[in-house]
Amino acid sequence: MNKRPLARFPALRLRRPRMSDWSRRLYAETRLSPDDFLWAIILKDGEGVREPIEAMPGVFRLSPDEAAKAAKQAKSLGIPALALFPYTDADGRTPAGEEALNPDNLMCRAARAIKDAVPDIGLMADVALDPYTDHGHDGLLKDGEILNDETIEVLVAQSVNQARAGFDIMAPSDMMDGRVGAIRAGLDAEGFQNVQIMAYAAKYASAFYGPYREAIGSAGVLKGDKRTYQMNPANSDEALPEVALDLAEGADSVMVKPGGAYLDIVRRVKDAFRAPTFVFQVSGEYAMIKAASANGWLDGERAMMESLLAFKRAGADGIITYFAAEAAALLQKN
Ligand code: PBG
């Protein structure tokens, strides 16, 4: 498909369209726009808090009032939505992560502050227990096993709690089997038919989440790893039933995560399902570009834009990224 009959050199000179800026722009197959971004934001309790995260230069833990300021900035930059993640210290964590269900927890307070400040910005909530459990896992832990069906019940309650606070998109990142259908039913039963689900459908057990776990306070507490529920980085075929099931259960969109090392998965998923497909450029990807650029080893701005463009080229419809504001500002300038 899509085979154009090729002339031969010297009639065919593939460099010809690359010879000038106007022509390169005219021939560009993919484009980035602020419309492509969900801005990943880390929250922390308090007021007026902007706490640097060591492994993520330029990213700060923000208190709800500061997150509301970020939302105004996002609005002026044309970024459609924010994705929120809460930091919880060791004292705020429990074995079953009950704080996830507190209607006044950090996520809910931030959502209300943001919607007060910018009513028409999209808000995505992570659905998983890892910010709240004292073992750092995404689900309930019993005798060394992460319980699937029992965890789902809590995730449904967490979703309803977050929907009540004003979140527009639930993004289950836990990788339990069957959670999308249960969350859909749970939201509908509470009158939240219009709250979307973006399923972390193909989420891999990845080393690239390292800085995030520090950012949300899970790094010190996580016992073991997440390989019994997150996917094996060796696998590609397995991503297809993960996506198929989530779509069949009512996901409005699906996500591949991490991004840069999984562009092949993004392309396969997009080609196989033609569904709205998102990709998460995770904390470690951000950290690598920032660290190399701080050392003068690469041009940080160009590496940022190239990494983002690559997601679009691979077939992504949108990108969750810590770079959203920086990249959108650059796009606005140019
Ligand atoms: C966990 C969750 C993770 C991220 C988003 N939600 C990490 C994990 O699975 O341990 C990673 C985000 C990032 O690295 O930027 N529910």
Side-chain angles (χ1 to χ4, degrees), residues 37-43 53-62 82-88 93 97 99-100 106-107 124-141 146 148 151-152 154-155 158-159 162 167 169-176 179-180 183 197-233 242 254-262 278-291 304 307-308 311 319-324:
F37 302 142
L38 291 109
W39 187 8
I41 303 260
I42 311 283
L43 302 170
I53 299 163
E54 206 187 336
M56 303 177 72
V59 177
F60 299 82
R61 297 188 187 93
L62 304 178
L82 310 181
L84 306 188
F85 305 90
Y87 168 87
T88 320
R93 293 166 175 265
E99 181 64 8
L106 177 56
M107 285 285 275
M124 183 159 101
D126 212 56
V127 178
L129 301 180
D130 59 312
Y132 309 110
T133 51
D134 63 1
H135 43 73
H137 280 289
D138 293 16
L140 301 172
L141 179 66
I146 302 301
N148 193 86
T151 295
I152 288 179
V154 187
L155 298 177
Q158 180 184 25
S159 299
Q162 295 182 138
F167 282 98
I169 312 174
M170 290 305 139
S173 66
D174 55 287
M175 291 299 281
M176 297 303 113
R179 88 281 205 217
V180 170
I183 290 171
I197 297 178
M198 182 187 292
Y200 285 72
K203 175 173 179 179
Y204 288 85
S206 171
F208 291 102
Y209 307 148
Y212 169 90
R213 292 185 187 159
E214 179 215 319
I216 69 156
S218 281
V221 299
L222 180 62
K223 293 197 176 67
D225 58 51
K226 302 191 176 182
R227 282 184 280 192
T228 69
Y229 44 108
Q230 298 177 350
M231 288 175 60
N232 183 348
E242 282 288 0
V254 292
M255 190 204 300
V256 174
K257 177 184 176 192
Y262 296 84
F278 289 79
V279 62
F280 199 142
Q281 184 180 45
V282 301
S283 54
E285 302 176 61
Y286 177 89
M288 286 195 301
I289 292 174
K290 284 291 181 188
M304 166 179 76
S307 68
L308 294 166
F311 295 127
I319 306 154
I320 298 110
T321 176
Y322 301 92
F323 281 126

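When a ligand or atom number is given, it counts from 1 through the structure's own listing order. Keep in mind it's a predicted model, so treat the numbers as computed, not measured.
With salt bridges taken as basic N to acidic carboxylate O contacts below 4.0 Å, none links D130 and R213.
Atoms of ligand 1 found under 4.0 Å from any heavy atom of Q230, numbered from 1 in the order shown, are 8 (C), 9 (O). Of all the atoms in ligand 1, the ones that sit under 4.0 Å from a non-hydrogen atom of Y322 are 12 (C), 13 (C), 15 (O). Near R213, with a cut-off below 4.0 Å to any heavy atom, the atoms of ligand 1 are 8 (C), 9 (O), 10 (O). Against a heavy-atom cut-off of under 4.0 Å, A128 is close to the following atoms of ligand 1: 16 (N).
Side chain of T133 to backbone of H137: a donor-acceptor contact under 3.5 angstrom is found. Here the side chain of R227 pairs no donor or acceptor atom with the backbone of N232 at under 3.5 angstrom. In this structure, S206 contributes its side chain and P258 its backbone to no donor-acceptor pair below 3.5 Å.
Of all protein heavy atoms, the one closest to atom 2 (C) of ligand 1 is K203 NZ, 3.2 Å. For atom 1 (C) of ligand 1, the nearest non-hydrogen atom of the protein is D130 OD2, 3.0 Å. Of the protein's non-hydrogen atoms, the one nearest atom 4 (C) of ligand 1 is K257 NZ, 2.5 Å. Of the protein's non-hydrogen atoms, K226 NZ, 3.3 Å is the one closest to atom 8 (C) of ligand 1. The protein atom (non-hydrogen) at minimum distance from atom 14 (O) of ligand 1 is S283 OG, 2.7 Å. The single protein non-hydrogen atom nearest to atom 16 (N) of ligand 1 is S173 OG, 2.7 Å, given as residue, atom name and distance.
Donor-acceptor pairing under 3.5 Å is lacking for the side chains of S307 and E285.
L43 has its side chain out of reach of R61: every pair of non-hydrogen atoms, C-beta onward, lies at least 4.5 Å apart. Looking only at side-chain heavy atoms (C-beta outward), Q162 and V127 come within less than 4.5 Å of each other.
Within the 4.0 Å heavy-atom shell around ligand 1 one finds F280.
Cation-pi contact between K203 and Y200: present, with separation from the ring centre below 6.0 Å and deviation from the ring axis of at most 45°.
With a 4.0 Å cut-off on non-hydrogen atoms, D174 does not touch ligand 1 at all.
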